[in-house]
Structures are given as C-alpha cells and as structure tokens.
Asker: 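One structure, pasted below without further comment.
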Protein chains: 2
Amino acid sequence: MTIPKRPPPAQDSHSASRANPSELPHEATKALPIALLRAREALMSRFRPMLAEHDFTSQQWRVIRLLNEHSTLDAAQLAEKAFILPPSLTRILANLEARDLVTRVQCASDRRRYLFRLTSLGETSFQKIYPDRVKIYKEIEAYFGKRKIALLLELLDDLAQF
Amino acid sequence: MTIPKRPPPAQDSHSASRANPSELPHEATKALPIALLRAREALMSRFRPMLAEHDFTSQQWRVIRLLNEHSTLDAAQLAEKAFILPPSLTRILANLEARDLVTRVQCASDRRRYLFRLTSLGETSFQKIYPDRVKIYKEIEAYFGKRKIALLLELLDDLAQF
DNA sequence: GCTATAACATTAACAAGTTAAGTAAATGTG
DNA sequence: CACATTTACTTAACTTGTTAATGTTATAGC
C-alpha cells in the first residue's frame, strides 16, 4: 500500500485530542478493523512485489498453494480454505485456467461441482515461488518472534469466532 | 463474507497432514495474512450490513468519520488516516461529493491540494450512524474483553512496523 | 528568473470484494 | 413421478485495491 508519510498537519482545530469517556476508539486509526488492515498490509507489502514478479496476485497464489497441498478441491472447498468469495473465485479460476496453470474436471457424481487440479505448469510455478515465500516468512519471524506470532495467531483465531 | 461451511472432504489423499520440519505455516489457513483477514472479516461482517442500511461502505464511512473528527483534511491526510490509497480515495470522495455529503475547497496556499469538509447532510449522516457503531463495538468488547483487545492492538501495531 | 525535480491529485486498466440475481443439478416430499 | 426447495456455481453491477502513467503546481539549484 505504501501510503506516503506526511508532516503533521499545520493545525487541527478540534476533537482529535478530546476526552473519550466511553473508552471506545473514536479515531479511525485506533479502531480494531483498521489495525488489522495495517498489520496485514505490512506483511502483504513484502509478499505482493515478490508474487507480482511471478505474475501472481496474492489470491491467485492462495489458490495455487491450496491445490498444491490438496491435489484436487472443488470450488466450495477452495472458497472456504482460501477465504475468497465464490464470485471472486470464479474469476480467479477462469484466469488460472486461461493461463494453463489449473484444470477443471466436472465431478461425475454431482455435476454441479467441478474438481480443480494444478497442471504441471502450475506445479512448476508453485515450486518456483515457494522458496521466496519461505524467505519472507522467515524475515517476519526474525522481526516479530515465533512466540509473538503464536500469541497473535491465537488472539486472531479467537476473534474470528465472534 | 460468510463463506458457507461444508462437510469435510470425503478424502484428501496427501500432504494436508504431512510433517512440517521447517515449522513454517504451510497450510494457507494457518498463515498470518489469512488469520488477519479472517479476524477482520469477523468484525466487518457486523459493521457492513449496518453501514449498508445507511447506504455507506466501510471505506466511505471511514472518510465521513475522519472528517467529523478533524473538520477539514486534505486528500493525503485522509489517505493516510483512513488507510486508503489515493486512487480509491479519489473515487470515494467523488461519490460522497455527488451525494452532497462532502464538499471540497481548493487550498489557497497550495493549489494542488483540496480541503474536504462534511456538509450538514454529511454531519447528519454521521450522527445517525455513530450510535450503531458504538453498539457493535461494545458487542465486540463484550465478546473479546478490553484486555485482549488492548493486547491485540499492541501486537498489531508492533507488526505494522515491520 | 529558469529549469529540473519533487509532490498532489487524478486517470486508466485490470484484479478482487460485495451483494443480488440467475442457471442448472441435486434432494426431499407428497 | 411431479413439484418445491436446496445446493453449487456463475453472471451482473457496483465499489475498492493496486500499479503505472499523466497533468498540474511547488520547490530547489543554478
């Protein structure tokens, strides 16, 4: 995202520093949804350029990665695991099929479903990208520490139950 | 987002449960970026329908809220505080201006800049929505606890420095 | 003062998020 | 079997995310 920093505003006549008796966050920058966004962006700003060099978006990569792990998945399974809504997934899969990275086979027992699988080109792409991903993840670990990552994951999973 | 749960896959021939000697997350669902996304979505799935009833997206609402707090901001300040990239912000502001919720004034000392301000209609909209927002935030607090929220915010801010 | 450079906002082009509606296949009930 | 309902995926329409390029205004160096 890389929003450029600016010098502090010359003046800011009101309310930015007022009391907050309710103790609820009133500045957008202190709200939980934004904090989650900022933290995620800090990570994605490292992964995104790397993936772009391989001509993938982060969503496309999630699909590739899942198909590498599970060999075949249908659209609903991909949507759930990659946390991508079905309409987005339809487009992403169409893109990946057009690039011959993924193939679809209609499921025999339920013809509403399609099973997706990596092509050999898709597998090759995965193998090329994976080491770069590991490298970045290790940088995150080096900065943040395994313990804090584990703690953060725990809190996030808990919050996700809400 | 509300991705429907599905029964576990009938069979999953390989690698989903293999050893992971590197101790790096290999399942997409365990990666930090996805965990951040899931947690955020848990929150947004509450805010979004409420905002939609008032005909706002969460991004539009962030802009409205910031202009309520700071009375006037230029685009760069809004982009930084709302964590929205300039091209998106341009469209959002155009939308809000078209709906007469926000006005723009060209800055006299620097004619590249525009200062944005809520209209009275914009202020009214803010006042209508704010109580609903507080209500939802209190539900989050009730579920998650102030202590855990504070801890999570701390970790997220730390990670955002990466 | 003039020119090169930087900064602010916008436009363009494409990918993805979001909601609602649509199509086709499966399932359940009478 | 006929019919309504549900499920899986897709399409449509709109908004936002993302990168690159453009036009305009400020600023810095000469």
Side-chain angles (χ1 to χ4, degrees), chain A residues 1-7 9 33 37-38 40-41 44-45 47-53 55-63 73-80 82-99 104-116, chain B residues 1-7 9 33 37-38 40-41 44-45 47-53 55-63 73-80 82-99 104-116:
Chain A
M1 211 158 174
T2 320
I3 291 176
K5 266 80 174 179
R6 305 183 80 256
L37 199 55
R38 283 184 193 276
R40 181 176 151 81
E41 180 53 27
M44 295 313 296
S45 66
F47 285 109
R48 205 180 289 117
M50 180 277 283
L51 292 171
E53 281 188 13
D55 290 304
F56 285 103
T57 64
S58 63
Q59 292 84 351
Q60 291 164 359
W61 167 244
R62 290 214 296 275
V63 171
L73 292 171
D74 66 31
Q77 291 169 327
L78 277 170
E80 187 205 333
F83 211 64
I84 293 172
L85 289 172
S88 292
L89 188 59
T90 293
R91 291 178 300 218
I92 290 166
L93 288 169
N95 178 312
L96 295 176
E97 286 180 85
R99 291 160 63 184
R104 106 170 40 201
V105 180
Q106 195 169 35
C107 179
S109 63
D110 183 344
R111 276 153 45 203
R112 294 170 302 182
R113 289 191 198 173
Y114 297 91
L115 298 179
F116 295 90
Chain B
M1 213 158 175
T2 321
I3 291 175
K5 266 80 173 180
R6 305 184 79 255
L37 199 56
R38 284 184 193 274
R40 180 176 150 81
E41 181 54 27
M44 295 314 296
S45 66
F47 285 109
R48 206 179 290 117
M50 180 277 284
L51 292 171
E53 281 188 12
D55 289 303
F56 284 103
T57 64
S58 63
Q59 292 84 349
Q60 291 163 358
W61 166 243
R62 290 213 294 275
V63 171
L73 291 171
D74 67 31
Q77 292 170 325
L78 276 170
E80 187 205 334
F83 210 64
I84 294 172
L85 289 172
S88 292
L89 188 58
T90 292
R91 292 178 298 218
I92 291 166
L93 287 170
N95 177 313
L96 295 177
E97 287 181 83
R99 291 159 64 183
R104 103 169 45 200
V105 181
Q106 194 169 35
C107 179
S109 63
D110 185 345
R111 277 154 44 202
R112 291 172 303 184
R113 289 190 199 174
Y114 298 90
L115 299 179
F116 295 90

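Just so it is clear: chains get the letters A, B, ... in the order the sequence lines come, proteins before strands, and each one is counted from 1.
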Asker: Please pick, from D/dC9, C/dT10, C/dG17, the nucleotide with the shortest atom-to-atom distance to any side-chain atom of A/Leu85.
Answerer: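 Of the options given, the side chain of A/Leu85 lies nearest C/dG17.
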Asker: Expressed in angstrom and rounded to an integer, what is the separation of A/Leu93 atom CG from C/dA15 atom P?
Answerer: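 It is 14 Å, rounded to the nearest whole Å.
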Asker: Quick one: pull up CZ in B/Arg113 and CD in B/Gln77 and give me the separation to the nearest 0.5 Å.
Answerer: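 Atom-to-atom, B/Arg113:CZ and B/Gln77:CD are 7.0 Å apart.
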Asker: Quick one: is C/dC8 close enough that its OP1 or OP2 comes under 4.0 Å of any side-chain N or O from B/Gln77?
Answerer: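 Indeed not, no polar side-chain atom of B/Gln77 lies that close.
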Asker: Please determine whether a side-chain nitrogen or oxygen atom of A/Thr57 lies at a distance below 4.0 Å from atom OP1 or OP2 of C/dA16.
Answerer: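 Yes, A/Thr57 has a side-chain N/O under 4.0 Å of OP1/OP2 on C/dA16.
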Asker: Is it the case that atom CD in A/Gln106 sees more than 12 heavy atoms from other parts of the structure closer than 6.0 Å?
Answerer: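 Yes, because the 6.0 Å sphere around CD of A/Gln106 holds more than 12 heavy atoms from other groups.
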Asker: To the nearest Å, how far apart are A/Arg62 CZ and C/dG17 C1'?
Answerer: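 After rounding, the reported distance stands at 11 Å.
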Asker: With a non-hydrogen cut-off below 4.0 angstrom, is A/Ser88 in contact with a base, only sugar-phosphate, or nothing?
Answerer: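 Result for A/Ser88 = base.
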Asker: Hey, which sits more toward the 5' end of DNA chain D by its nearest nucleotide, A/Met44 or A/Pro87?
Answerer: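 Here A/Pro87 is the residue nearer the 5' end.
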Asker: Expressed as a whole number of angstroms, how long is the span from A/Asp74:CG to D/dT10:P?
Answerer: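 Distance, rounded to whole Å: 11 Å.
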Asker: Find the distance B/Arg113:CZ to C/dA6:P and express it as a whole number of Å.
Answerer: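 Atom CZ in B/Arg113 sits about 18 Å away from atom P in C/dA6.
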Asker: Could you check whether any side-chain heavy atom of B/Asn95 comes within less than 4.5 Å of a side-chain heavy atom of B/Phe56, counting everything from C-beta outward?
Answerer: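 No, side chains not in contact.
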Asker: Are side-chain heavy atoms of B/Arg40 and A/Arg40 found at a separation under 4.5 Å?
Answerer: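 No - every pair of side-chain heavy atoms lies 4.5 Å or more apart.
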Asker: Atom CG of B/Asn95 to atom P of D/dT16: distance rounded to whole Å?
Answerer: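 Rounded to the whole Å, the gap is 6 Å.
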Asker: Among D/dA20, D/dA26, C/dA9, which nucleotide has an atom closest to any side-chain atom of B/Arg111?
Answerer: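 Looking only at heavy atoms from C-beta outward on B/Arg111, the closest nucleotide is D/dA26.
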Asker: Within the structure shown, what part of the strands sits under 4.0 Å from B/Ile92 by heavy-atom distance: base, sugar-phosphate, or nothing?
Answerer: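 The answer is sugar-phosphate, as B/Ile92 gets under 4.0 Å only of primed atoms, P, OP1 or OP2.
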Asker: D/dT10, OP1 or OP2 - any side-chain N/O from A/Arg104 closer than 4.0 Å?
Answerer: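 The answer is yes; a side-chain N or O of A/Arg104 sits under 4.0 Å from OP1 or OP2.
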Asker: A/Trp61 has an atom CH2; how far is it from atom C1' of C/dA16, in whole Å?
Answerer: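 Spelled out: CH2 on A/Trp61 to C1' on C/dA16 is 19 Å.
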Asker: If you pin A/Cys107 and A/Leu89 to their nearest nucleotides in DNA chain C, which one's is more 5'?
Answerer: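 The residue mapped nearer the 5' terminus is A/Leu89.
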Asker: Counting side-chain heavy atoms from CB outward, which of D/dG17, C/dA25, D/dA26 is closest to A/Asp110?
Answerer: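 Among D/dG17, C/dA25, D/dA26, the one nearest the side chain of A/Asp110 is C/dA25.
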Asker: Quiz question: going by heavy-atom distance under 3.5 Å, is there a donor-acceptor pair between the base of D/dG23 and the side chain of B/Arg112?
Answerer: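 Result: no qualifying N/O pair found.
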Asker: Drop me the distance from A/Ser58's OG to A/Met44's CE, to the nearest 0.5 angstrom.
Answerer: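 Those atoms lie 3.5 Å apart.
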Asker: Tell whether B/Arg91 reaches the base of D/dG17 with its side chain through a donor-acceptor pair below 3.5 angstrom.
Answerer: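 Present.
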Asker: Can you measure B/Glu41 atom CD to C/dA16 atom P for me and round it to whole angstrom units?
Answerer: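 Interatomic distance, CD of B/Glu41 to P of C/dA16: 17 Å.
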Asker: Expressed in angstrom and rounded to an integer, what is the separation of B/Leu51 atom CG from C/dT19 atom C1'?
Answerer: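 These atoms are roughly 15 Å apart.
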Asker: Looking at D/dT18, I'd like to know if its phosphate oxygens (OP1 or OP2) sit under 4.0 Å from a side-chain N or O belonging to A/Arg48.
Answerer: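 Yes, within the criterion.
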Asker: Can you find a side chain N or O atom of B/Gln60 that sits less than 4.0 Å from OP1 or OP2 on D/dT16?
Answerer: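 Yes, such a contact exists.
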Asker: Between A/Gln59 and C/dG17, is there a side-chain N or O to OP1/OP2 distance below 4.0 Å?
Answerer: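 Yes, because at least one side-chain N or O of A/Gln59 sits under 4.0 Å from OP1 or OP2 of C/dG17.
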Asker: Quick check: do B/Phe47 and A/Pro33 have side-chain heavy atoms less than 4.5 Å from each other?
Answerer: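 Contact flag for B/Phe47/A/Pro33 side chains = yes.
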